2 protein chains.
Amino acid sequence: MAKIRIDVLITTAASFVDDAGYDALSVSAIAGELDVAPSALYTHCEGLKGLRSLVAAAASENLVDRIRTAAIGTAGDSAVVAMGLAYRRFALDHPGQFAALLRARSSDEPDLRSTNQTVVEVFTLVFTAMGLSPRQSTLAARSTHSAIHGFVALEHVSGTGGDHESEYLYLLRTLQRVAEPEN
Amino acid sequence: MAKIRIDVLITTAASFVDDAGYDALSVSAIAGELDVAPSALYTHCEGLKGLRSLVAAAASENLVDRIRTAAIGTAGDSAVVAMGLAYRRFALDHPGQFAALLRARSSDEPDLRSTNQTVVEVFTLVFTAMGLSPRQSTLAARSTHSAIHGFVALEHVSGTGGDHESEYLYLLRTLQRVAEPEN
DNA sequence: ACCTGAACACCGTTCAAGT
DNA sequence: ACCTGAACACCGTTCAAGT
């Protein structure tokens, strides 16, 4: 009779989706990883739906952590590049968790909306520090977030083809222009 | 004993995911829609996996069609705006099909890779017509595609919150700068 | 050629029973 | 409080049988 600890449950599920693929996530599979009966999970989360929520929440936190860490000791353009690289690295290192972020809809996961906002807020701070107005910073942050997310998401679905790092660096360089004042 | 036509199967499945949500897609559900036994589908596609492939392929074609149509009669910046608006409209009008595009991984669906390439190619033509070199056109097209896809994907997962059209128009406007020659 | 219906394996979920 | 194991509904898939 193995005992379940919620933090172990979460890290186990997050590691599992990265290794076995997000589609392999199931109550039975995680119960098997923890050496408990499938029904034992229902004490700690609301079934499969709850399991998916936990993975998505963990993925969000991990992504934000990485971005924040990458931004330390940088500013301006180089901060955007550093954060962009961290975003991509997370998706490459943790494909299952990133897939969880792509699938989750905030309609089902109310707490997830705040995490995407957190990402934008981190970007916003960088632009504010560059001297942009609050409104300009928010718009620039959203655009930057969109471009970074789009590239990484497209690379994610394109599977493990060739390395697109140079195209990504080009994108991050052109992103500097969105911070410039409007014509 | 209802008869199955493959084109009806595809349009039925595509409509179904838009109405009932992508996660509701199942062999049983589509069989029910077509008034046949679940096992009857296996004559026309490879089970659930095949069903998902068909929906993803249909979604790709529909998206590319819309983008191409939007580009007719426009050029340059206004073409990018028109194609960007068409991209977003597809995701808003067909959330289930767009979800299929977000989930499909080309590792499993070899034919899907070519469709994403098709989108980039359409963008590339626009930039070439603007006078950019082939290499510059490709890079600009990829960046533009990333930004558009990212915004629409983030809006998609954020659920049916407020309307973000004005932020999107801002993004499309700033995208014009990626077509400018490098500093 | 293509659909039906039985059959099987497997999963999600509930719940009484144990500790 | 929390895990087990039985039980149930449901789904994906296969296949022999029909037409």
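What you are looking at is a predicted structure, and each value in this text was computed from that prediction instead of being measured. We name chains A, B, ... by the order of the sequence lines, and we start the count at 1 in each one.
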Asks: Output the distance between atom CG (A/Leu85) and atom CG (A/Leu172), rounded to the nearest 0.5 Å.
Replies: 5.5 Å
Asks: Could you identify the nucleotide paired to D/dC11, looking across every strand shown and requiring Watson-Crick or G-U wobble geometry with both distances under 3.5 Å?
Replies: none
Asks: What's the spacing between A/Phe123 CZ and A/Leu125 CG if we round to 0.5 Å?
Replies: 11.0 Å
Asks: Under a 4.0 Å threshold between the charged nitrogen and the carboxylate oxygen, would A/Lys49 count as salt-bridged to B/Asp23?
Replies: no
Asks: Quick one: CD on A/Gln97 to CG on A/Asn62, what's the gap to the nearest 0.5 Å?
Replies: 5.0 Å
Asks: Provide, to the nearest angstrom, the distance between the CZ atom belonging to B/Arg52 and the C1' atom belonging to D/dC11.
Replies: 12 Å
Asks: Can you tell me how far apart OG (B/Ser28) and CD (B/Glu33) are? Round to the nearest 0.5 Å.
Replies: 12.0 Å
Asks: Could you give the CG-to-P distance, from A/Asp23 to D/dC11, as a whole number of Å?
Replies: 18 Å
Asks: Choose from D/dC11, D/dT13, C/dG12 the nucleotide whose nearest atom is closest to any side-chain atom of B/Ser26.
Replies: D/dC11
Asks: Out of C/dG12, D/dT14, D/dC11, which nucleotide sits closest to the side chain of B/Ser28?
Replies: D/dC11
Asks: Produce a footprint string for nucleotides 1-7 of chain C: one letter per nucleotide, 5' end first; B if the base is under 4.0 Å from any protein heavy atom, S if only the sugar-phosphate is, - if neither.
Replies: -SSBB--
Asks: Between atom OH in B/Tyr42 and atom P in D/dA16, what is the gap in whole Å?
Replies: 17 Å
Asks: Suppose we define a pair by two distances each less than 3.5 Å, Watson-Crick or G-U wobble; what does C/dT19 pair with here?
Replies: D/dA1
Asks: Report yes if the side chains of A/Val122 and A/Arg68 come closer than 4.5 Å at any heavy-atom pair, otherwise no.
Replies: yes
Asks: Using atom CG of A/Leu48 as one end and atom P of C/dC10 as the other, report the distance to the nearest whole Å.
Replies: 18 Å
